[in-house]
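Data first, discussion second: the structure below is written as structure tokens.
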Amino acid sequence: MARVSTLAAVRLPRRVATLSVHTSPLEQAGTGDAGGMNVYIVEVAKRLAQAGVEVEIFTRATRSGLPATVEMAPGVLVRHVVAGPFEGLAKEELPAQLCAFTNGVLRAEAARSPGWYDLVHSHYWLSGQVGWLAKDRWGVPLVHTAHTLAKVKNRQLADGDRPEPKARVIGEEQVIAEADRLVANTPSEARELIDLYGAPEDRVTVVEPGVDLDRFAPASVGREDAARSAARRRLGLPTRGHVIAFVGRIQPLKAPDILLRAAADLPPDLRDQVTLAIVGGNSGSGLDLAGLAAELGVAGVVRFLPPQDRQALPDVYRAADLVAVPSYNESFGLVALEAQACGTPVVAAAVGGLRTAVRDGRSGVLVDGHDPVEWARVMSRLLRKPNLRALLAKGAIEHARQFSWNHTAASLLAVYRDAVTGYRSQGFGFELATAR
Ligand code: UDP
């Protein structure tokens, strides 16, 4: 895998065009198409700007009346590109709007002085398709982060989830072949890029996502119980008994239904003391969790909370005895990291990035497979053992401390520098950008 150059003399990129076609960094995460990628783009952009790199984020306008540009933070500009109808366009229909989106991106750049951007960073394959053209037009390198990969997703489909179409696989292959640098969230994602998509090893760099350790912090030592009760009161959750929280988009891939089934399988004495808090909104096909809870006879156990903003989320994690992440696949799993940073142990499926985000037996427990009986067994054991939970809570805080957005942004900047130097040393860039 690529080693990042540490040449001090290399000029930083001054301006980066970040592409996020299908979801806006200004959207509330945890519902619809907005999730970890949105949080990632926001957190990294703010820190790059603090390091002196201006970031302009291009995203599709999904409401009429949106301003053409919004200053999200000093040095971070969000550009709304009109491409297709504002509302009612599903993610699956976006490939037909990529020409319109690309046109908007190229026009925005053409209105600036030549050589405005030094680099394009595309997120998700739809943006990669746009980035690939922008790169050639502007004579700058393309850095691409896939976030999820169709070939990987199709191997671990949830029941009733539709496989990703061939067109996406081809689209991903094209972007991976064209990108100057590929950023993977974990070593396993790096291997998938290399083994499943034929990415050259020297173009792939692992940059782990982070967590805002100032916001997602544990209660002070000795005050954990009081903080838990206060958080529960603020959220309207019972202050007695156990709370298991699920935080994320409600969709088959995230598998919150497994938790309802597991709740039904808890021993009756424990079930009477448990509240399962499901936090988030529907995404894609969604799931009828209220119907399932009624069918399973656990409607009284489940509480649904709407998507919460970043300010409210630490309360959710602190209110919970356990946070459960039963996904069929996660390229990383920011929720797991945020929960641990707040001192809450995580029970997660042993898949994808969750194997990095959770340290099995130290900061939480990784569960093989999605059998609700097994999930009920693991959760019962942890709920019945407060000392074990306290030990895992300590491990969770320590584990989460190893990740920070500052580190993510610094590592990305190193990748950017490397991409710019590599590109220029090949003789590209300057000539193309000035030849227009
Ligand atoms: N999230 C949020 N409010 C909610 C639910 C989720 O802000 O009500 C955020 C959560 O804090 C996390 C992101 O959405 O940062 C989800 O990221 P993750 O990597 O866990 O899953 P993804 O959505 O990328 O599949």
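Every number for a ligand or one of its atoms is a count from 1 in the order of the listing. Owing to the predicted nature of the structure, the values given are computational and were not obtained by experimental measurement. Hydrogens, waters and symmetry mates play no part in the numbers below; they use all other heavy atoms, side chains included.
- Taking a cut-off of under 4.0 Å to the non-hydrogen atoms of Gly333, the atoms of ligand 1 that pass are 19 (O), 20 (O).
- Protein heavy atom nearest atom 6 (C) of ligand 1, with residue, atom name and distance: Gly30 CA, 3.5 Å.
- With salt bridges taken as basic N to acidic carboxylate O contacts below 4.0 Å, one links Glu43 and Arg47.
- Within the structure, ring pair (Phe, Tyr, Trp, His ring centres under 6.0 Å) contacts touching residues 153-172 (residues at least two apart or in different chains) do not occur.
- An N or O contact shorter than 3.5 Å is missing between Val279 and ligand 1 by distance.
- Atom numbering of ligand 1 starts at 1 in the shown order; those under 4.0 Å from a heavy atom of Val39 are 15 (O).
- Minimum interatomic distance between Ile278 and Pro256 (heavy atoms only, all atoms of both residues): CD1-CB, 4.3 Å.
- Shown in contact with Gln308 at under 4.0 Å from a heavy atom are these atoms of ligand 1, numbered in order with element: 2 (C), 3 (N), 4 (C), 7 (O), 8 (O).
- Residue contacts with ligand 1: Arg310 is placed with a nitrogen or oxygen under 3.5 Å of a nitrogen or oxygen of the ligand (distance criterion only).
- Nearest non-hydrogen protein atom to atom 24 (O) of ligand 1 is Gly36 N, 2.8 Å.
- Of all the atoms in ligand 1, the ones that sit under 4.0 Å from a non-hydrogen atom of Glu330 are 21 (O), 25 (O).
- Ligand-side atoms of ligand 1 in range of Pro307: 8 (O), range being under 4.0 angstrom from any heavy atom.
- For the residue pair Ser380 / Arg271, no side-chain donor-acceptor distance below 3.5 Å is found, with atom types taken as modelled.
- The aromatic rings of His147 and Tyr40 lie perpendicular to each other, with more than 60° between the two planes, well past the 30° mark.
- Between Gln28 and ligand 1 there is a heavy-atom distance shorter than 4.0 Å.
- Using a 4.0 Å cut-off to heavy atoms of Arg249, the atoms of ligand 1 that qualify are 22 (P), 23 (O), 25 (O).
- Cation-pi geometry between Lys254 and Phe246 is not met at under 6.0 angstrom from the ring centre and within 45 degrees of the axis.
- Every residue was checked against the salt bridge (charged side-chain N to carboxylate O under 4.0 Å, His left out) condition with Asp33, not counting sequence neighbours, and none meets it.
- Heavy-atom contacts of Val247 reach the following atoms of ligand 1: 5 (C), 6 (C) (cutoff under 4.0 Å).
- His121 and Tyr416 have perpendicular rings, their planes meeting at more than 60° on a 0 to 90° scale where under 30° would count as parallel.
- The protein heavy atom nearest to atom 11 (O) of ligand 1 is Glu338 OE1, 2.6 Å.
- Taking a 6.0 Å sphere around CD of Glu71, one finds it holds more than 12 heavy atoms contributed by other residues, nucleotides or ligands.
- With ligand atoms numbered from 1 in the order given, ligand 1 contributes 10 (C), 12 (C), 20 (O) to contacts under 4.0 Å with heavy atoms of Val335.
- In this comparison of Gln311, Met37, Lys254, the heavy atom closest to atom 22 (P) of ligand 1 sits on Lys254.
- Pro314 pairs in a side-chain contact (heavy atoms from CB on, under 4.5 Å) with only one of the listed residues (Gln308, Glu338, Arg215), which is Arg215.
- Ranking the protein heavy atoms by distance from atom 2 (C) of ligand 1 puts Ala29 O, 3.3 Å first.
- The shortest N or O to N or O distance between Leu334 and ligand 1 is below 3.5 Å.
- Between the side chains of Tyr197 and Glu172, at least one donor-acceptor pair of N or O atoms lies under 3.5 Å.
- If you look at Val325 next to ligand 1, there are no close heavy atoms at all, none under 4.0 Å.
- Screening Leu19, Thr18, Thr59 for a side-chain contact (heavy atoms from CB on, under 4.5 Å) with His123, the sole residue that qualifies is Thr18.
- For ligand 1, the polar-atom distance check finds no N/O of Pro306 at less than 3.5 Å from any of the ligand's N/O atoms.
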